[in-house]
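What follows is a set of notes on a single structure, which appears directly below.
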Amino acid sequence: MDIFLQQTVNALALGGTYALLALGLAVVFSIMGLINFAHGELMTIAGYVLMYCGIAGVSFVVAVPLALMASVIAAVLMERIAFRPVRNGSGATMLVTSFAVAMILQVLFQNLISTRSQPVLLPAMLSDSVHIAGMVIGVNKLAAIIATVVMLVFLDWFMKHQKTGIAMRAAAEDFAVARLMGIRANTVIAGAFALSGLLAGVAAVLWVSQRASVDPLMGFMPVLKAFIAAILGGLGSLRGAVAGGFLLGFIEIYLSAFLPPEMQEFREPIGLGIVVLVLLFRPNGLIPSATLKAEKV
Amino acid sequence: MQPLLSAHDLHVSYGAVKAVRGVNFEIRQGEIVAFLGANGAGKSSIMNAITGLVPTSSGQVKFEGRDITGAAPETLAPSGLTLSPEGRRVFGTLSVADNLRMGAFALNDKAALETAYKRVYDLFPILLERKDQYAGTLSGGQQQMLAVGRALMSNPRVLLLDEPSLGLAPLIVDQIFDLILKLRDQGVTLLVVEQNVAKTLQVADRAYVLVNGAVVEQGKPAELTASGTMQDAYLGAN
């Protein structure tokens, strides 16, 4: 039972990180119909900012906001430079553009920083653990869960009560009519990218806190997982992205904890098999987007 | 007097298909003007071209003497011209109040916003009753009221109504036409596209009859009914 609870905490921490990443993908997809595979590179950028701050002796409390700021700015620049020119292109055009952006950034990281994994100095406190109800929980895991909850509450408030957030929901449902109301296309799209950058930045801080290192390809795997989570939850649906992220986190952690050792090498295929099984019964995902069929930009 | 809204030799094409071929019209302050014609006559295309939802192939649209041809749709509502689109297209996943809030997107002044809400809620008390409900859960008639209310939130001087009575129960249709007259009394100039010809001719000051994307006749309702062009326009005698 103790092990089970312990693993549940781990699953919440990992699932929360996936949920934040999947949300970042979903926010952009719901508005422009673009799956931004360069989302992972936003994470990597935030990771490198943490690394350089550590080297420069900047305190972690200052480094985190700097990392978040960097990924937000990078996301907005990405939209402005790479995605705005192809905004009216087909879904395939935008998808290929996002791969191109991802690869260009990876090569830049490799050439300008290092091809190898670099250590990130983290406050010692993060690797401590606390005792709660008989469980030993890593501070980094606890921080991940708290950060996820804070971000989800913030996002919910933003999308429900802030004019820009409401406008983003309106644009996701019917972009043409939203523009007719005087909602500027550039503003909502830049807003969506900024929000996705913030989510990627938070996810990066959580991700790096678990691994204490950063490498040029760091963003690829988690974003691939987040993409699976977003599909699992229902592409374009924000609630779905959260549900899918958590479910994927639970599947991965429970499999690695409770699958017999001789089966462990089949962990990934079994996990993906479960995802396929869920999609067989719910082809549009756990919580399908109400406006998936709506015309995109 | 200079017309409030006018078009000169307006053309709209969808690929090889020419939907609007050289349409001219003028709408003056305080008028109710109708565009009539069968399905595919180009009425909605004209509306969409005015508001920048579809590109204009050639020609010019002027609003208050200013050239607005090809202007981005988001610039029009703040300048006093807006459209209540065909099929209502309310934001179903937003509450009624949030739909209205979006209609007044450019408005940041709190007092002006309150005035705009009050005007819409006075016109449509049912929307006040349902203000926290998702717009998608409203009936067709209520959604139409919301679509018009949302357009009114930007306090337009010219309101384009595209098929406001489409798919509504006869009783609601009457309310919609009463509303058109009421809005004119409030100083709104209206351009209406409608399938319900009889009712439209009762409220309109002038109408343009369209066939295959071109204006075949225009005039006061009485003149149009007398000339017989109307029958030809709908029955395809040309």
Side-chain angles (χ1 to χ4, degrees), chain A residues 26-27 29-32 84 87-88 90 155-192 233-241 284-285 287-297, chain B residues 44 47-48 50-55 71-108 110 113 116 132 134-137 143 146-147 149-156 159-162:
Chain A
V27 165
F29 180 81
S30 70
I31 287 174
M32 320 188 49
R84 193 170 295 184
R87 193 187 285 172
N88 296 315
S90 69
L155 203 68
D156 192 63
W157 167 82
F158 180 79
M159 296 304 255
K160 273 198 187 132
H161 300 290
Q162 281 305 101
K163 194 166 115 176
T164 313
I166 300 169
M168 284 165 67
R169 282 161 57 213
E173 189 170 336
D174 192 330
F175 205 93
V177 173
R179 293 185 71 185
L180 209 53
M181 302 292 111
I183 298 171
R184 295 182 56 221
N186 287 343
T187 311
V188 265
I189 292 178
L235 204 50
S237 142
L238 303 191
R239 287 173 199 289
N284 292 322
I287 307 172
S289 161
T291 55
L292 189 61
K293 282 174 223 82
E295 201 182 319
K296 296 301 172 200
V297 187
Chain B
S44 291
M47 293 276 200
N48 292 339
I50 295 171
T51 48
L53 290 181
V54 299
E74 53 258 48
T75 60
L76 297 174
S79 72
L81 177 137
T82 194
L83 164 74
S84 167
E86 182 180 2
R88 310 187 272 266
R89 288 170 80 171
V90 296
F91 302 117
T93 57
L94 265 58
S95 71
V96 169
D98 282 346
N99 266 273
L100 295 178
R101 181 76 191 86
M102 289 299 103
F105 190 77
L107 219 57
N108 285 317
K110 243 203 162 111
L113 198 60
D132 297 321
Y134 284 123
T137 64
Q143 286 192 9
L146 179 57
R150 184 179 63 178
L152 287 175
M153 287 297 286
S154 63
N155 201 13
L159 174 60
L160 315 186
L161 292 175
D162 198 348

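Just so we're on the same page: letters track the sequence lines, and every chain starts at 1.
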What parts of residues 75-85 of chain B touch chain A if we use heavy atoms and a cut-off under 4.5 Å?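 Near chain A, by residue number: B:A77, B:P78, B:T82, B:L83, B:P85.
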Within 6.0 Å of CZ in A:F158, more than 12 heavy atoms from elsewhere: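 Yes, enclosed.
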Do B:D162 and B:S44 get their side chains close enough for a donor-acceptor pair, meaning under 3.5 Å?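 Yes.
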Between A:L235 and A:F29, is any pair of side-chain heavy atoms under 4.5 Å apart?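 Yes, at least one pair of side-chain atoms sits under 4.5 Å.
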Residue pair A:I183 / A:F175, side-chain heavy-atom distance below 4.5 Å: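 They are not in contact (no side-chain heavy atoms under 4.5 Å apart), so the answer is no.
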Sort out for me which of B:M102, B:M153, B:R101, B:R150 touches chain A most, counting heavy-atom pairs under 4.5 Å.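 Highest number of pairs under 4.5 Å: B:M102.
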Please look at B:L160 and chain A and tell me whether the side chain, the backbone, both or neither of the residue comes under 4.5 angstrom of a heavy atom of that chain.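 Neither part.
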Can you list everything that forms a salt bridge (charged side-chain N to carboxylate O under 4.0 Å, His left out) with A:R239? Sequence neighbours excluded, please.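 Partners of A:R239 by the salt bridge (charged side-chain N to carboxylate O under 4.0 Å, His left out) criterion, ordered by chain and then number, come out as A:D156.
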Answer yes or no: is there an ion pair linking B:E74 with A:R184, defined by an N-O contact shorter than 4.0 Å?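 Looking at A:R184 together with B:E74, the answer is no, because their closest N to O distance does not fall below 4.0 Å.
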Quick one: does A:E173's side chain have a donor or acceptor within less than 3.5 Å of a partner on B:G92's backbone?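 The answer is yes, because a donor-acceptor pair under 3.5 Å joins these two groups.
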